[in-house]
Novice: 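Let me give you the structure first, and then I'll get to my questions.
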Amino acid sequence: MSKNEIDVDDYRIRLVSIPDGLELDEDRADIGKFHEAMCRVMPVKLQELIENMKNEGNKIACVVAEGATGWAFEIAKNMGIKGLAFYPASATTLAVFLSIPKFTEDGIIDNNGTILKKGMIHLSATMPAIKTETFGWACISDIAAQKSFFQFLVENNKFLKFADFIICNTAYELEPETFSLFPEILPVGALSASSKLGNQACNFWAEDYDCLSWLDQQPACSIIYAAFGSFTVFDQTQFQELASGLELTNKPFLWVLRPGMTNEEAFLQEFEARIGSRGKIVSWAPQEKVLSHPSVACFMSHCGWNSITEGLSNGVPFLCWPYICDQFLNETYICDVWKVGLGFEKDETGIIRKAEVKNKVEQLLGDINFKSRAVDLKERIRNSVQDGRSFKNFGDIIEWMRST
């Protein structure tokens, strides 16, 4: 167990790590294995940590944990401590997970999460229609991993009932119908829109700040910013089609090419030689600063929720390239509900071709309505965190945590 202490004004924050049940060299991308190890080891270690802190004379006001670690709230409840679940994804994604019992009862899925009725459904009469194929677990291609993740969600739903409150990094204005159906979920975001919180970036890769100087040299609203998160990988064909599509647009672009995302080194060298200064490729970028830069015209994204809130908080329209889990449902909201972006169509082999990339870039940037709707959402989100619902909910939660 490692510890580190940081002074923040009059507060002292102690950072403590507990083991996740896997060795350093084990594969944490194996969803089933990872969750099994976490649920077996981490609850015991968390309880030990809390007991040790109490023995040291510390008073613990509340356990705040990510919503997917539901076992933490059962521990908190059993130890007489308040529990606050923080859900970093969309409220609608959580609503889908919480609706699993109803889906099973209605025959939409079986007890393993397999989709029995494909098509569009409404969680309520007022909510936008969503595809059953976009259920978070159903978007995992490996069947064993899909079933393992589904069973994890079923168990986690039971644990979430031990939390006193569930807060979500979203704004009421983004998903109003979801909050009407699940009033127990409280929006406190989008946190990226709060100037008081500063830069919210949290990652383990070194950010390339040189790209900001490069952006300074580009015309306003000219840059395609392409970034696909921490997990997306491309096979040889798809990588080359994406690169060629960016080249075909004849527009400047900033492309985040994470280590391990592809092994196409020879192709990449030839590609960079062709595009010259028109494009810049970095291993990781200070995304919030990039998205707030006036030269950025659109965001080609994997549609992870953090990326979505960061893009929306800066009024940037999207080109959607979802990869896994909730990202497909997020794409539905971007394209069909908020209408601030476009998705790509795959060919019969499952590949997004370079011509499709070029066409969708031209379509998005050629229609000012996408940008105007994105700017409108930006203002509504900002108002929410400054003095609206998110601001009030956040304040109420802080007061609740302070009360004994």
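Only heavy atoms go into these numbers, but all of them, side chains included; no hydrogens, no water, no symmetry mates.
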Novice: Which of these passes ring-ring contact (aromatic ring centres under 6.0 Å, His included) with W255: F239, W284, F299, Y225?
Specialist: F239
Novice: Tell me which one of K358, K346, R353, K354 satisfies salt bridge (Lys or Arg N to Asp or Glu O under 4.0 Å) with E241.
Specialist: R353
Novice: Run the side-chain contact (heavy atoms from CB on, under 4.5 Å) test against K147 and tell me which residues pass, sequence neighbours left out.
Specialist: N112, I143
Novice: Looking at every non-hydrogen atom in both residues, tell me the closest pair between L242 and W321 and how far apart they are.
Specialist: CD1-CZ3, 3.7 Å
Novice: Inspect the contact between R402 and E399 and indicate whether a charged nitrogen and a carboxylate oxygen are less than 4.0 angstrom apart.
Specialist: yes
Novice: Step through the shown structure and confirm whether more than 12 heavy atoms of other residues, nucleotides or ligands are within 6.0 Å of NZ on K251.
Specialist: no
Novice: Between P43 and I75, is any pair of side-chain heavy atoms under 4.5 Å apart?
Specialist: yes
Novice: Would you say Q146's side chain and I140's backbone share a donor-acceptor pair under 3.5 angstrom?
Specialist: yes
Novice: Please say whether more than 12 non-hydrogen atoms of neighbouring residues, nucleotides or ligands are located less than 6.0 Å from NZ in K118.
Specialist: no
Novice: Check whether any side-chain N or O of K82 sits under 3.5 Å from a backbone N or O of W400 as a donor-acceptor pair, and report yes or no.
Specialist: yes
Novice: Let me confirm one number: the CD-CZ distance from Q236 to F267, rounded to the nearest 0.5 Å.
Specialist: 9.0 Å
Novice: Would you say CD1 of I368 has more than 12 non-hydrogen atoms from neighbouring residues, nucleotides or ligands within 6.0 angstrom?
Specialist: no
Novice: How long is the straight-line distance from OG of S301 back to CG of L319, given to the nearest 0.5 Å?
Specialist: 9.5 Å
Novice: May I ask you to check whether E288 and S192 show a side-chain donor-acceptor distance below 3.5 Å?
Specialist: no
Novice: When you compare the side chain of R278 with that of I275, does any pair of heavy atoms fall below 4.5 Å?
Specialist: yes
Novice: Does the salt bridge (charged side-chain N to carboxylate O under 4.0 Å, His left out) test come out yes or no for K77 and E74, once each step is laid out?
Specialist: CA-CA 5 Å; K77 183 70 69 175; E74 182 182 36; over 6 Å; no
Novice: Within the structure provided, determine whether K289 and L215 are in side-chain contact (heavy-atom separation under 4.5 Å).
Specialist: no
Novice: Under a 4.5 Å cut-off applied to non-hydrogen side-chain atoms, are M79 and I60 in contact?
Specialist: no
Novice: V290 and A285: which non-hydrogen atoms are nearest, and at how many Å?
Specialist: CG2-CB, 4.2 Å
Novice: Does a side-chain heavy-atom distance below 4.5 Å link I167 with N393?
Specialist: no
Novice: Side-chain contact, heavy-atom cut-off 4.5 Å: I334 with C303?
Specialist: yes
Novice: Using a 6.0 Å cut-off, check whether atom CZ of R389 has over 12 heavy atoms from anything other than its own residue.
Specialist: no
Novice: Check the pair L312, F318 against side-chain contact (heavy atoms from CB on, under 4.5 Å), reporting the backbone distance first and the verdict last.
Specialist: CA-CA 9 Å; L312 292 178; F318 288 82; 3.9 Å; yes
Novice: Answer yes or no: is there an ion pair linking E51 with K54, defined by an N-O contact shorter than 4.0 Å?
Specialist: no
Novice: Can you find a heavy atom in the side chain of L254 that is under 4.5 Å from one in the side chain of V296?
Specialist: no
Novice: If you apply the rule side-chain contact (heavy atoms from CB on, under 4.5 Å), what do you find for N330 with T93, and how did you get there?
Specialist: CA-CA 8 Å; N330 296 342; T93 295; 4.0 Å; yes
Novice: State, without any angle test, whether H293 and N314 hold a side-chain donor-acceptor pair at a distance under 3.5 Å.
Specialist: no
Novice: Hey, could you give me the CD1/CG distance between I100 and L98, rounded to the nearest 0.5 Å?
Specialist: 8.0 Å
Novice: Would you name the heavy atoms of L46 and W71 that are closest together and state the gap between them?
Specialist: CD2-CZ3, 3.7 Å
Novice: Using modelled atom types and a 3.5 Å cut-off, is there a donor and acceptor pairing between side-chain atoms of D164 and backbone atoms of G83?
Specialist: yes
Novice: Closest heavy-atom contact between F149 and C325?
Specialist: CE2-SG, 4.3 Å
Novice: Quick one: are the ring centres of Y209 and W214 less than 6.0 Å apart?
Specialist: no
Novice: For the pair N156 (side chain) and G70 (backbone), establish whether a donor and an acceptor sit closer than 3.5 Å, ignoring hydrogens and angles.
Specialist: yes
Novice: Taking the side chain from S99 and the backbone from A95, do they hold a donor-acceptor pair closer than 3.5 Å?
Specialist: yes
Novice: Could you check whether any side-chain N or O of S244 sits under 3.5 Å from a backbone N or O of Q240, counting only pairs where one atom can act as donor and the other as acceptor?
Specialist: yes
Novice: Might you point out which heavy atoms bring C211 and K280 nearest each other, and give the distance in Å?
Specialist: CA-CE, 3.7 Å
Novice: Do you know the tightest heavy-atom contact between G341 and L364?
Specialist: CA-CD1, 4.0 Å
Novice: Are F328 and Y323 near enough that their ring centres are under 6.0 Å apart?
Specialist: no
Novice: Verify, without hydrogens or angle tests, whether K360 (side chain) and G343 (backbone) share a donor-acceptor contact under 3.5 angstrom.
Specialist: yes
Novice: Please list all pairs passing the ring-ring contact (aromatic ring centres under 6.0 Å, His included) test where one or both residues lie in residues 95-128, with sequence neighbours left out.
Specialist: F103-F135
Novice: Is there a donor-acceptor pair under 3.5 Å between the side chain of E56 and the backbone N or O of N58?
Specialist: no
Novice: To the nearest 0.5 Å, tell me how far N78 CG sits from Q47 CD.
Specialist: 7.5 Å
Novice: Which value, rounded to the nearest 0.5 Å, describes the distance between F370 atom CZ and C298 atom SG?
Specialist: 11.0 Å
Novice: For residues 176-186, dump all side-chain donor-acceptor pairs below 3.5 Å to protein atoms at least two apart in sequence or in another chain.
Specialist:
| residue | atom | partner | partner atom | Å |
| --- | --- | --- | --- | --- |
| T178 | OG1 | T92 | OG1 | 2.9 |
| S180 | OG | P176 | O | 3.3 |

Novice: Measure the shortest side-chain to side-chain distance between I281 and V256 over non-hydrogen atoms and say whether it is less than 4.5 angstrom.
Specialist: no
Novice: Quick one: pull up SG in C320 and CD in Q327 and give me the separation to the nearest 0.5 Å.
Specialist: 10.5 Å
